[in-house]
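Report on the following structure.
Chain naming here is simple, since letters A, B, ... match the order of the sequence lines and numbering starts at 1 in each. Here the structure is a predicted model, which means the values were calculated and not measured.
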Number of protein chains: 2
Amino acid sequence: MIGDKGKDWHKVMVSKENPRPGGRSARVQAAVHQAVRDMLAGMNRADVTIPLIAQRANVTPSTIYRRWGDLQELLADVAASHLQPETEPPKTGSARNDLQAWAEQYADEMSSGAGRQMIRDVLAVSDSANAEKCCIYTQQQLRVIVARAQERGEAFPTLTELMDYVVSPIMYRILFDQVPSNDYVRGLVSRVMPEKTD
Amino acid sequence: MIGDKGKDWHKVMVSKENPRPGGRSARVQAAVHQAVRDMLAGMNRADVTIPLIAQRANVTPSTIYRRWGDLQELLADVAASHLQPETEPPKTGSARNDLQAWAEQYADEMSSGAGRQMIRDVLAVSDSANAEKCCIYTQQQLRVIVARAQERGEAFPTLTELMDYVVSPIMYRILFDQVPSNDYVRGLVSRVMPEKTD
DNA sequence: TCACTAACGCGAATTATTTGCTTTTATCTG
DNA sequence: CAGATAAAAGCAAATAATTCGCGTTAGTGA
């Protein structure tokens, strides 16, 4: 039947999400997220409070408290949803170049003031669900590059090796040390690639 | 002159510390830190508030607000001061074993509930001074091991390699992924050591 | 269309935070 | 070893954030 009038496709689609994702609830979530992003961009972090966010989102503070609990959790939620990459790693000539380009961009994004802060926000919450999400996003990106290499028959590190020897050092430096330079990132890539002229 | 009665040696010693570290100020700091540790150990994290800490430390809340600003900064301060190792890495037979033993213990400590939480506390604050402290502590430990290897003339990775390929992957997993197993840590150590029977 | 209820809004009660002022006491000077 | 000085602590009132009970709105399923 063509005009099936599907009566419950969305019920299935979102079955694992919030029990009542329709209309208003979704609007509130969007408005609150947007308000947080705007305020984070335009003012001192310490001045961002839940009452202010609520005002800007045209929502009652108690709504935010009931849905998110406290500011930290809200910030972590917003940060995690922005750490999700929206595009695949760009294709270059080779898998190796794909990796290098991806790693440099990853390091750049995460090193920026906004990126660093988002990571901190995600990690600040004791429930590590958001942190794991970030890890999974990264792995998804890398899996694409690994798959391309396989298709072409190029020798390539495993996903685990990439996480351990490229992603981890970048993230450690961003969090604990000074931000990684492009040269540093290129060095990490060289280290995990099978011998090559470089 | 022997009984020099040095009148300002301590002024020099602590010149980079708080401007007034003597007596009362130090007592307050100790009492507050102790109160935080006790409460963190014995109750739900979400129930730890500054007024409660103040009560337990026999101090006025405003004292804490004035010195530390907010709960996050206080927790970060307490966590950082406990992340400082108090002993040198234990000596085993070889530098390689020193490294392996140290890495396993490091991973264990940091993976524990308390350890993870301390790291999160340290990272949660935007001023990254505490985070850098942690990094420096780790490097100090590793430098001892590297120096021992040099003394004995053993081939050994550089400090940078150890940070990038042993410490970073451990920390990444603790923060974003599942906690590293002992086998995993041993694998990391094998990877950075010059070819060996393993 | 109607019943049902999750999620929101409202406002009062509670709790945390800020702030101006006073008091204590570490540190410096003579 | 007295003062003198001022940093840090205490106190309490004012402000702001958070919680909570209860009534209302509006997705959802029949």
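- Rounded to a whole Å, the CZ atom of B:Arg27 is 11 Å from the C1' atom of C:dT24.
- Here B:Ile53 contributes atom CD1 and B:Leu71 contributes atom CG; the two are 5.5 Å apart, rounded to the nearest 0.5 Å.
- With rounding to the nearest 0.5 angstrom, the CG atom of A:Asp121 is 8.0 Å from the CD atom of A:Gln72.
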Side-chain donor-acceptor distances from residues 162-172 of chain B under 3.5 Å, at least two apart:
| unit_1 | atom_1 | unit_2 | atom_2 | d |
| --- | --- | --- | --- | --- |
| B:Asp164 | OD1 | A:Tyr184 | OH | 2.7 |
| B:Asp164 | OD2 | A:Tyr184 | OH | 3.2 |
| B:Ser168 | OG | B:Met163 | O | 2.7 |

- [ ] Quick one, give me the B/S/- string for nucleotides 8-18 of chain C, reading 5' to 3', where B means a protein heavy atom under 4.0 Å from the base and S means that only happens at the primed atoms, P, OP1 or OP2.
- [x] SBB-----SSB
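- Atoms CD1 (B:Ile64) and C1' (D:dA8) sit 14 Å apart, rounded to a whole Å.
- Taking CD from A:Glu154 and CG from A:Asp98, the interatomic distance works out to 8.5 Å, rounded to the nearest 0.5 Å.
- For the atom pair OG (B:Ser181) and CZ (B:Arg186), the distance works out to 8.0 Å, reported to the nearest 0.5 Å.
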